[in-house]
Structure formats: structure tokens, C-alpha cells
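For reference, the structure is listed below as C-alpha cells.
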Amino acid sequence: MSRPVVTRFAPSPTGMLHIGGVRTALFCWLFAKKHGGTFILRVEDTDLTRSTDDNIRIIEEGMAWCGLLWDEGPVVGDPAQWVGPHGPYRQMQRMDSHYKPAIQSLLDEGKAYRCRCTKEELDERRAAADKAGKIFQYDRRCREAGHDDTQPAAIRLKMPVGPEPWLEQGDIVLRDLIKGELRFPATSLDDWIIARTAAAGEKVGTPTYNFCVVVDDTDMAVSHVIRGDDHVANTPKQIALYHAMGYETPAFAHVPMILGKDGAKLSKRHGATSITEYQQMGFLPSAVRLALARLSWTPKIDGRAIDTAAEELLTDVQMIELFDLGDIQKSPARFDMDKLNWMNQKLIQRATWQEIEPHFRPFLPEAWGGKSDDWKAKAIQCTQKGKSLVEMAGFLDFVWAAPTAFDEAAAAKFLTGAVKPALADLCVLTDYSHDGLEAGFNAILEAHSLKLKDLAQALRVALCGKPVSPPIFDTLMLLGRDEVVARISKWL
RNA sequence: GGGGCCAUCGUCUAGGGGUUAGGACACCGCCCUUUCACGGCGGCAGCACGGGUUCAAAUCCCGUUGGCCCUACCA
């Protein structure tokens, strides 16, 4: 129990980075940070047919974008390199160095055996059992057969068939940090395959997922296995393997799944599922972290659950401080886009323009780069009412090009003969500071007996083509005098 | 089919024998306002069902129903 805290996120690079995975990674990260521990990224790429380097890169970049930086793991974009003392961190690179020796010693110690039953035979027996309404379990017929390595064989682990000191009343007990105590009768598990049938010429085939996980988690000194709920059923198998190999078992915490709006497992048909899509939709990484963390997790402040809107908006520092696996829900949660939007908006409001700028930039035209800091600060300030970076960028569309189309109804309503003389007067103004504009406006309004509202709306239509824009003085400042005069002139 | 997990407003949740069942998002209304927004105030809305136990059940027990996960020589 005094082991240093080490957590790991171990995705398979078989597609995009799913936000469910990101949330699991986030919990691992929060837990590690909270306890001053280590967070590892390990790539489980043993599924040769689906794993690709591109997918590995997508995972690495998604994690990095989300701010979930790993202390140990691969170096982004360079398969040959890694950071940390337990590498490599891609499973395919650990085959000969780690898995095969481990399997061999299990074989040597008589804790695993060669099974010559073929997949086809097994499928047949399974189908027959199904048909007869029976539960299929491998009958261990090769267990004592003493097959040598002269013929192709898969390798199975000998699961306990009698009493073992680590069983509790015949059960494999999993004391899950989230789910509580879970019991699995040892007899309900059969001798599972730890290595596939070897190709011709090989003595040991490729190891299976459940085997690699245990070897790697032990080798990498993982103290807390925090992973998705879908792995609960694998855990008793893995616990048996820990004991067979003489390893200390880590602590386990299985986090609930994320479901879609309709309660089905979150999938593409519910909308965006990959982290990259959330990036493209204009969410701040901090908002994604918050929304994901708050799904299934209710932070407690001094033992009291957070209780106000203000308390909902936790910073990373607060999340790390407050994080406790015991405060995670057991039941699955439905993903709520509305809440993400709200959090995004609030975090955008709270951020300084410098904090927003690097995330905002990708949504803006190149001309943005040529603007001064003062101008950028003003522009961002004018858009901080937006719900997303995309929406914010939309608020600035009027800056980059003069309108090509005008809202005719609005033009008819606001660009009246009565205001046009005032517009002409406006072209004379040269002081584009806030105070200068205010003074200039007041004089013009008085001279023409107009209300600010009348002039502001007319100006919006003339300048932006529609009656919607940032506060009118800000709109003028962002455009600059030359552009304002040019755009007004068309209406005089 | 078998095994496991779960069940409080539409959603995320607090509460875990006696509460007017609390909060947040969404939604609705009002106010503010130079547009759109922001903001402020208020409102609507919930213990899946059926049996127990108890003076008392959202809370404990059993059952039902429903949902999710697992049930591969995938991960």
C-alpha cells in the first residue's frame, strides 16, 4: 500500500480517440497528479489488422491537445523513441523482450500448457453447447496432456480448480475502488488463452490482451489500474494471472461507461465521439476536461458535494485537489452536450485573452496574425459571450471582409433618410477611442435629434450587412476609421 | 441463454430510516439593455413498479421491470 502511485492509460490505436477513453485517461491523470504519482501512456497495438501509426498519432495528439500529458510513454510521432524507464511503451515492441519470456517461464513452471484444440473445433463445441442450452466452457482436455512444442498449439493458463490461498471461499475477489467488492466463483472461469497458436516455425504465438496487460502493468509498476467498466469481467482472469506469475496485484478502479442521450452506449450516431471533433467544434480543452470529469464524478468540498453554479466551474488545480475515486458514480452516465456548452461558455468568459488566443487562432483567417495585441485583446473581449470558439470567430466575420449582401428588411427599417445625414457626419470623426467616439456620437445625435439606438442599428447594417454586431463603438474600433468611412460611403 | 453491474426532475447529481427531497444544465417567464448576447431574479419538473421490515422507507430486505457491460486464438 506504500507503493508510489502509478496510473496508466492504455488505448488501442484502432480508430479515433473516443471521449470515453479521454475521460478514463483524465481520471488516471487526476489521480496521479493528486498523489504526486506517475501517469503512463501505453499503446496496445497488438491487433495488427486494425492498429496503425496514424491512429497512434491521433491518440497522442488528442491527449496532448486535451492537456493530458504523460510522464512516461511514447514520443509523439516517433515510433523509435520513448520517455521513461519501462519502455518501450508500444506493445508490439515488447513482444520478444517481455511477453515471450514470461510465457515460457509459465510453461516451464507448469502453470500454463499447450492446447491443440483448434479454433474450429472450439467453435463447433461452443455451437453444440449453445444448441443444447448449455453453458460452454473449455473442458481443459489438453491441460494434463503434456503436449510438447512439436505441433501448433495455443497456450492456456491453468486456472484454479481447487483451493488456493488467494481465493476466498472459492471466489476470486475484486475489491474495486469504485464498485466495491465483486466476487467471481473460480469455477466459472475456464483456462483462458494467453498466447495464440504460433505461426509455423515459432514455438510461442502472439500473446493476448489480458496477458500483456498484466505483464505490462507489473513491469511498469502500475499501482492503480483505472479503466473502463467493460473490463470488469476480465479482471478475475487477470488476478489469477498475477498470482500465477507471483506478482503483487494492483488496486483496481472501474469507471462507468458514457452513454448517449438515449441511454445506449455512446456512438457515432449520437454525434461527435472523437476528441478531435470536439476540438474542431471550438471547445476549450479545459472545458472538455471539466465536462468529462464531472460526468460520474461529484467532487466533495469538506465532505459536502458542490452545490452552486460557481462551484461547478472547477479549475484543474481544484479538480486535482478534490479528486477521489470514491466519489465516482457506479452507474453509467449520459453525455450532456448542453452542459459542455455551458461550461465552455463560462470558461471562455473567465479566461484572459492571452489564454484564449492560441486556441482561437486556428478558427481565424491569416489576417488575425497581423493584428496588434491591443486589437486582439479588444476583438476577443467582444466575442467572449460566445459558447464556442467557432461562434466567437463568427462574431468577427464582419472584420475580414465588407458585407456582400445586406439584410433588406433591416436596411429598410434602419437606414432611413433621417439617419443618413448623421452617417455622413460620422465620417468626419477621427478620434476612435471609446471616449472620443462617445463624444462624437453625442454631438451628432443631438444635432440630428436621434437616439443612439437609431444610429447604432443603421451603422450595423451599413457596416456589417445585418443589425447584429459587437457593441457599436467596439465595432468601429475593430474596423478602423478608413474601413468605416469606406463602408458607410456606399450608403450616402 | 448465462454471469456481473446499475436504477432520485428531460440530463448530471446531493441526500442513505422522520427533509417543504437540495443543487447544476436545459426549458419557460420577468428585469436590464445601443443590436445579438451576457447578466440578475423567479418558475416548471423527480425518488421505475410491487411486496415486505418499521411508529416512520427515496433511504433497509425480497421480487419484477428496465438499462449497460461481459460471455473470442478482439482489445
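Protein chains get the first letters and strands the later ones, always in sequence-line order, with residue 1 at the start of each. This one's a predicted model, so the numbers in the text were calculated from it and none came from an experiment.
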request  = Considering only atom C1', compute the distance from B:G46 to B:C41 and round it to an integer number of Å.
outcome  = 24 Å

query = Can a side chain N or O of A:S296 be found less than 4.0 Å away from OP1 or OP2 on B:U13?
reply = yes

query = Taking the six-membered ring for Trp, are A:Y432 and A:F473 ring centroids under 6.0 Å apart?
reply = no

query = P atom, B:C12 versus B:U19: distance in rounded Å?
reply = 26 Å

inquiry  = Over all strands shown, is A:T14 touching base, sugar-phosphate only, or nothing at heavy-atom distances under 4.0 angstrom?
reply    = nothing

inquiry  = Please tell me whether A:F323 and A:W297 form a close aromatic pair, meaning their ring centres lie under 6.0 Å apart.
reply    = yes

ask   = Which nucleotide, B:A14, B:G2, B:C25, lies nearest any side-chain atom of A:D338?
value = B:C25

query = Does the side chain of A:R94 come under 3.5 Å of the side chain of A:Q91 through a donor N or O and an acceptor N or O?
reply = no

ask   = Would you say B:A14 has OP1 or OP2 under 4.0 Å from some side-chain N or O of A:R304?
value = no

task = Using a 4.0 Å heavy-atom cut-off across all strands, classify A:G263 as base, sugar-phosphate, or nothing.
result = sugar-phosphate

inquiry  = For a quick check under 3.5 Å, do A:D148 and A:T150 share a side-chain donor-acceptor pair by atom type?
reply    = yes

inquiry  = Nearest whole Å is fine: how far is B:G22 C1' from A:E312 CD?
reply    = 13 Å

message = Nearest whole Å is fine: how far is B:A26 P from A:F335 CZ?
response = 14 Å

query = Would you say A:K339 reaches B:U11's phosphate, i.e. side-chain N/O to OP1/OP2 under 4.0 Å?
reply = no

key: Any side-chain donor near an acceptor of the partner, A:H254 and A:D176, under 3.5 Å   = yes

task = Report which part of the nucleic acid A:L455 touches: base, sugar-phosphate, or nothing (heavy-atom distance under 4.0 Å, all strands).
result = nothing

query = What nucleotide, of B:G4, B:A7, B:A14, holds the atom closest to the side chain of A:S331?
reply = B:A7

Identified pairing partner of B:A21, criterion: Watson-Crick or G-U wobble below 3.5 Å = none

Protein-nucleotide distance (A:R125, atom CZ; B:U71, atom P), rounded to Å = 19 Å

Distance in angstrom units between A:L174 CG and B:C5 P, rounded = 10 Å

message = Of the listed nucleotides (B:A14, B:C6, B:C5), which one gets closest to any side-chain atom of A:K330?
response = B:C6

ask   = For A:W342 and B:C25, what is the distance between atoms CH2 and P respectively, to the nearest whole Å?
value = 5 Å

message = Rounding to an integer number of Å, can you tell me how far A:L182 CG sits from B:C5 P?
response = 5 Å

task = Could you tell me whether A:N234 contacts a base, only the sugar-phosphate backbone, or nothing, with contacts defined as non-hydrogen atoms closer than 4.0 Å?
result = base

key: Integer-rounded Å distance: B:A14 P and A:I301 CD1   = 14 Å

inquiry  = Which nucleotide, if any, forms a Watson-Crick or G-U wobble pair with B:U35, using both distances under 3.5 Å?
reply    = none

Pair A:T49-A:D47, side-chain donor/acceptor within less than 3.5 Å = yes

message = Using atom P in both nucleotides, what's the gap between B:C9 and B:A14 to the nearest angstrom?
response = 12 Å

message = Please name the nucleotide paired to B:A48 by Watson-Crick or G-U wobble geometry with both distances under 3.5 Å, or report none.
response = B:U64

ask   = Any ion pair linking A:K300 and A:D307 (charged N to carboxylate O, less than 4.0 Å)?
value = no

Report all interatomic pairs (protein N or O, nucleotide N or O of nucleotides 32-38 of chain B) with separations under 3.5 Å.
residue: B:U34; atom: O2; partner: A:R460; partner atom: NH2; Å: 3.2
residue: B:U35; atom: O4'; partner: A:Q457; partner atom: OE1; Å: 2.9
residue: B:U35; atom: O4'; partner: A:Q457; partner atom: NE2; Å: 3.3
residue: B:U35; atom: O2'; partner: A:P467; partner atom: O; Å: 2.8
residue: B:U35; atom: N1; partner: A:R460; partner atom: NH1; Å: 3.4
residue: B:U35; atom: O2; partner: A:R460; partner atom: NE; Å: 3.4
residue: B:U35; atom: O2; partner: A:S469; partner atom: N; Å: 3.0
residue: B:U35; atom: O2; partner: A:S469; partner atom: O; Å: 3.1
residue: B:U35; atom: N3; partner: A:R460; partner atom: NH2; Å: 3.0
residue: B:U35; atom: N3; partner: A:S469; partner atom: O; Å: 2.6
residue: B:U35; atom: O4; partner: A:R460; partner atom: NH2; Å: 3.2
residue: B:U35; atom: O4; partner: A:P471; partner atom: N; Å: 3.1
residue: B:C36; atom: O2; partner: A:K385; partner atom: NZ; Å: 2.1
residue: B:C36; atom: N3; partner: A:K385; partner atom: NZ; Å: 3.1
residue: B:C38; atom: O3'; partner: A:Q349; partner atom: NE2; Å: 3.2

message = Please give the distance between the C1' atoms of B:A45 and B:A24 as a whole number of Å.
response = 14 Å

task = Would you indicate what A:H231 reaches in the nucleic acid, counting non-hydrogen atoms under 4.0 angstrom: base, sugar-phosphate, or nothing?
result = base

ask   = Hey, does A:K261 reach any base, or is it just sugar-phosphate, or nothing, if we go heavy atoms under 4.0 Å?
value = nothing

Whole-angstrom distance between B:C47 and B:C60, as gauged at atom C1' = 15 Å

message = Students often get this wrong, so: under 4.0 angstrom with heavy atoms, is A:T49 touching a base, only sugar-phosphate, or nothing?
response = nothing

query = What nucleic acid atoms does A:K300 come within less than 4.0 Å of, heavy atoms only: base, sugar-phosphate, or nothing?
reply = sugar-phosphate

query = Aromatic ring centroids of A:H231 and A:Y209 under 6.0 Å?
reply = yes

inquiry  = When the P atoms of B:U11 and B:C27 are compared, how many Å lie between them, rounded to an integer?
reply    = 16 Å

query = Quick one: does NZ or CZ of A:K385 land under 6.0 Å from the six-membered ring centre of A:F395, within 45 degrees of the ring axis?
reply = yes

request  = Please determine, by modelled atom types, if A:T235 and A:R227 share a side-chain donor-acceptor pair under 3.5 angstrom.
outcome  = yes

query = NA contact type, A:K179, heavy-atom cut-off 4.0 Å: base, sugar-phosphate, or nothing?
reply = sugar-phosphate

message = Can you check the distance between B:G39 and B:G50, where both ends of the measurement are the P atom (answer in whole Å)?
response = 42 Å

inquiry  = Given B:C25, B:C69, B:A14, identify the nucleotide with an atom nearest to the side chain of A:A305.
reply    = B:A14

ask   = Which is true for A:E311 with a 4.0 Å heavy-atom rule: it touches a base, it touches only sugar-phosphate, or it touches nothing?
value = nothing

inquiry  = Could you tell me if A:T208 and A:N210 have a donor-acceptor pair between their side chains, going purely by distance under 3.5 Å?
reply    = no

request  = Under 4.0 Å between any heavy atoms, over every strand shown, what does A:T197 touch: base, sugar-phosphate, or nothing? Just pick one.
outcome  = base

note = By nearest-heavy-atom nucleotide on RNA chain B, the more 5' of A:R126 and A:L295 is A:L295

inquiry  = Surrounding CD of A:Q169 (heavy atoms of other residues, nucleotides or ligands, distance under 6.0 Å), is the total greater than 12?
reply    = no

message = Taking B:C28 as the reference, what is the distance to B:C44 when you measure between their P atoms (whole Å, please)?
response = 16 Å

inquiry  = Categorize A:A154 for me: base, sugar-phosphate, or nothing, with a 4.0 angstrom heavy-atom threshold over every strand shown.
reply    = base

query = With a 4.0 Å cut-off on heavy atoms, is A:C117 in touch with a base, just the backbone sugar-phosphate, or nothing at all?
reply = base

request  = Respond yes when some side-chain nitrogen or oxygen of A:Q137 is under 4.0 Å from OP1 or OP2 of B:U71, and no when none is.
outcome  = no

inquiry  = Please classify the glycosidic conformation of B:C38 as syn (within 90° of 0) or anti (everything else).
reply    = syn

request  = Could you work out which one of B:G23, B:C73, B:C6 sits closest to the side chain of A:P332?
outcome  = B:C6

request  = State which of B:A24, B:C25, B:C12 makes the closest approach to the side chain of A:R334.
outcome  = B:C12

inquiry  = How many whole angstroms separate atom CD1 of A:I328 from atom P of B:A14?
reply    = 12 Å

remark   = Answer for the Watson-Crick or wobble partner of B:G16, both distances under 3.5 Å, is none

